[in-house]
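Everything below concerns the one structure shown next.
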Amino acid sequence: MKEVRTRFAPSPTGFMHLGGLRTALYNYLYAKKNGGKFILRIEDTDQERFVEGATEVIYDTLRGCGMDWDEGPDIGGDYGPYVQSDRKDMYLPYAQQLVEKGAAYYCFCTKEELDERRAACEAKGEVFKYDKHCLNMSKEEVQQKLDAGVPYVIRLNCPTEGETTYEDVVFGKLTFPNDTLDDMVLIKQDGMPTYNFANVVDDHLMGITHVMRGMEYLSSTPKYNLLYNAFGWDIPEYVHLTTVMRDAQHKLSKRDGDAYYSDFIEKGYLKEALINYLALVGWNPGDDREFFTMDELIDVFDIHRLNNSPGIFDMNKLDWMNTQYIAKMDPEKYLEMGTPWFDKVLAGKNIDYKRLAELMQGRTEVFNRVPAMVEFLAEMPEYELELYTHKKMKTNPEVAKESLELVKPVLEGIQDWTESNLHDAVMEAIASSGKKNGAVLWPLRIAISGMASTPGGAFEIAYLLGREETMARLEKSMEKLAENA
RNA sequence: GGCCCCAUGGUCAAGCGGUCUAAGACAUCGCCCUUUCACGGCGGUAACUCGGGUUCGAGUCCCGAUGGGGUCACCA
């Protein structure tokens, strides 16, 4: 059996779209699953779009996610170069070969002429298709123009009758009427190949066996096949992937800040969670498992379980999955990742980050939500007296006042300000007072945090705050209670 | 608009003619646990787009309608 060779062929835009990342992932998984090769090729035939540092973004993202390529621009390989602009001289001869075979032809129509004809067509509400105007030019006439240096493009000569059928792994048999096929340009006026042409030539030259790409290429694939056939090359297996959507009618988009890998990383999503979730949009293992490491994905990945209907990228589920990954991560790693987020609001506050991290790890959904959750430690927030009212805890401002009066001297008597000392002393006082735990602990926590919910109970918060700050906050809250009594 | 693709709960989805009075997960709701929140546990609400066929039998096959998406560049 032939070695499986897949490829990821992004154009360097400076950003990695999640849809693209998923395409890369599936290509990677399939290659690894079959002991094949995963190739990275940069498609930069459009010189006007060149973006500085864009290839690095691609490298960093793929490597960061654990998708190492076997051949690529930076590491080479037997089929290089792997950057299309470095291969630009390779394409014209292939196009000329097609012209000789009669499968393609020179076209001297100018852009302006074409635009005019296109506009006229649209005005009549018709679909514009190149009319093969230059197809029947005599050989001599063509040569004459070529010799005279008249600018030209080379076009594919598509059939106008019949239909083309091909097989796609996820969509099955696909049939297109030939009269909808446009004579696409193969070589542009500047001598560079078009994306479509370079793609076919490169895929063949690089021995790509499985072409996995977005389904937006579904309807141009018949033209690709025309090319393969004209050259007498083997047609690769096609695996068209559905679109990753934001909702039923929109793709993930740049505008909403939810399209790029970097957007998510900056918000504090873990790349492992992102990859894991992304793998599940449009594919499933056939059983109930949802958590996978890269190696596990390689193990279970099956190209035949790819879905053929578009999937919506569910932020809710991503959040949930991210929460799970964070909860399971190494505590030291959490501390390391969480520290910059703590620093945003707690820098210079002398808070025990290690303890804070322990308390926060199980409550963190996405790191960018961390600062808002811990900010109260830096400064006591303004709060409403209503916070003291909690039916289940059997407390209200009245009860709170009493409870705090009970607890204050106890706290003052604690020598060594540790959580367990705090706990033991206060619990003992509560027990001997005959009060309910909640009726004391809820008010205490409110009094020193000003928050309905905090990343820990009264003792944890008191510990984090330290003795001095805790007592200061407590006294202030007691005054507030007294004033409003 | 032409052509192409798609169609199970709010979302991801299992299902590949009978075992579907349709699995699981997220979200949502309720209860339990608990010094808050969260975690966790238990339970609930919630779907085969519609209409024709084919068949003894259809979520599963066919046709049509509807809805959604894609594509129609000397962009990739």
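Bear in mind the structure is a predicted one, so any value in this text is a computation, not a measurement. Letters go in sequence order (proteins before strands), and every chain restarts at 1. What you see below is based on every heavy atom in this structure, not just the backbone, and it leaves out hydrogens, waters and symmetry mates.
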When all nucleic acid strands are considered with a 4.0 Å heavy-atom cut-off, which category describes Leu174(A): base, sugar-phosphate, or nothing? sugar-phosphate
Would you tabulate the pairs of protein nitrogen or oxygen atoms and nucleotide nitrogen or oxygen atoms of nucleotides 30-34 of chain B closer than 3.5 angstrom?
unit_1: U34(B); atom_1: O4; unit_2: Lys392(A); atom_2: NZ; d: 2.6

Exactly one of Arg118(A), Arg117(A), Arg155(A) clears salt bridge (Lys or Arg N to Asp or Glu O under 4.0 Å) with Asp131(A), and that residue is Arg117(A)
Verify whether one side chain among Thr470(A) and Tyr463(A) offers a donor that lies under 3.5 Å from an acceptor in the other. no
Greater than 12 external heavy atoms within 6.0 Å of Lys394(A)'s NZ: no
Scan Asn307(A) against the nucleic acid and name what it touches under 4.0 Å (heavy atoms): base, sugar-phosphate only, or nothing. sugar-phosphate
Distance-only side-chain donor-acceptor flag, Tyr238(A) / Asn225(A), under 3.5 Å: yes
Relative to the ring of Tyr105(A), is the ring of Tyr130(A) parallel (under 30°), tilted (30 to 60°) or perpendicular (over 60°)? parallel
Map Gly286(A) and Gly456(A) onto RNA chain B by nearest heavy atom, then report which one ends up closer to the 5' terminus. Gly286(A)
Just checking, is any N or O donor in the side chain of Asn322(A) or Glu365(A) under 3.5 Å from an acceptor N or O on the other one? no
Closest nucleotide among G70(B), G24(B), C74(B) to the Ser219(A) side chain: G70(B)
Taking the side chain of Leu218(A) as heavy atoms from C-beta outward, which of U35(B), C5(B), C3(B) is closest to it? C5(B)
Determine the contact category for Glu113(A): base if any of its heavy atoms lies under 4.0 Å from a base atom, sugar-phosphate if only primed atoms, P, OP1 or OP2 are that close, otherwise nothing. nothing
Is there a residue in residues 356-363 of chain A whose heavy atoms reach under 4.0 Å of RNA chain B, and which residues are they? Gly362(A), Arg363(A)
So, Asn199(A) and Tyr224(A): side-chain donor and acceptor under 3.5 Å apart, yes or no? no
Base, sugar-phosphate, or nothing for Asn284(A), non-hydrogen atoms under 4.0 angstrom? sugar-phosphate
So, is the end of the Lys267(A) side chain (NZ or CZ) under 6.0 Å from the ring centre of Phe264(A) and within 45° of the ring's axis? yes
Could you please name the partner base of C61(B), counting Watson-Crick and G-U wobble pairs only when both distances are under 3.5 Å? G53(B)
Does Arg305(A) make a side-chain N or O approach to OP1 or OP2 of G15(B) shorter than 4.0 Å? yes
Evaluate the side chain to side chain contact (heavy atoms under 4.5 Å, CB included) criterion for residues Thr165(A) and Leu174(A): first the C-alpha distance (whole Å), next the side-chain angles of each, then the deciding distance (0.1 Å), finally the verdict. CA-CA 5 Å; Thr165(A) 295; Leu174(A) 267 7; over 6 Å; no
Which label fits Tyr353(A) and Phe342(A): parallel for a plane angle under 30°, tilted from 30 to 60°, or perpendicular past 60°? perpendicular
For Val185(A), which contact category applies under a 4.0 Å heavy-atom criterion: base, sugar-phosphate, or nothing? sugar-phosphate
Assign Thr110(A) to base, sugar-phosphate, or nothing according to its heavy-atom contacts below 4.0 angstrom with the strands shown. base
Under a 3.5 Å cut-off for both contacts, is A27(B) paired Watson-Crick or G-U wobble with anything, and if yes, with which nucleotide? none
Is Lys188(A) close enough to C75(B) that one of its side-chain N or O atoms is under 4.0 Å from OP1 or OP2 there? yes
Nearest-nucleotide pick for Trp320(A), side chain only, options being C3(B), A25(B), A73(B): A25(B)
Among A76(B), C4(B), U36(B), find the nucleotide with the atom closest to the side chain of Ser453(A). U36(B)
Minimum-distance nucleotide to Val127(A) side chain [options: C74(B), G24(B), G2(B)]: G2(B)
In terms of heavy-atom contacts, does NZ of Lys129(A) have more than 12 from other residues, nucleotides or ligands at under 6.0 Å? yes
As a test of reading the structure: which of C5(B), A76(B), C3(B) is closest to the side chain of Pro177(A), going by heavy atoms? C3(B)
Between the base of U36(B) and the side chain of Arg445(A), is one N or O donor paired with an acceptor at under 3.5 angstrom? yes
G70(B) phosphate, OP1 or OP2: any side-chain N/O from Gln249(A) under 4.0 angstrom? no
Is Asn308(A) near enough to A7(B) that one of its side-chain N or O atoms lies under 4.0 angstrom from OP1 or OP2? yes
Heavy atoms of Gly282(A) and Arg22(A) approach each other most closely as CA-NH1, 4.0 Å
For Ala458(A) and Arg118(A), find the nucleotide of RNA chain B closest to each by heavy atoms; which residue's nucleotide sits nearer the 5' end? Ala458(A)
Any side-chain N or O of Arg369(A) less than 4.0 Å from the OP1 or OP2 oxygen of A38(B)? no
Assign Ser220(A) to base, sugar-phosphate, or nothing according to its heavy-atom contacts below 4.0 angstrom with the strands shown. nothing
Close N or O pairs between protein and nucleotides 8-12 of chain B (under 3.5 Å):
unit_1: C12(B); atom_1: OP1; unit_2: Ile312(A); atom_2: N; d: 3.4
unit_1: C12(B); atom_1: O2'; unit_2: Leu280(A); atom_2: O; d: 3.3

Decide yes or no for Leu280(A) and Lys317(A): does some side-chain heavy atom of the first lie under 4.5 Å from some side-chain heavy atom of the second? no
Which one is paired to A46(B), where only Watson-Crick or G-U wobble pairs with both distances under 3.5 angstrom count? none
Only pairs with both distances under 3.5 Å count, Watson-Crick or wobble alike; so what is the partner of A73(B) in this structure? none
So, Tyr325(A) versus Tyr269(A), ring centres under 6.0 angstrom or not? no
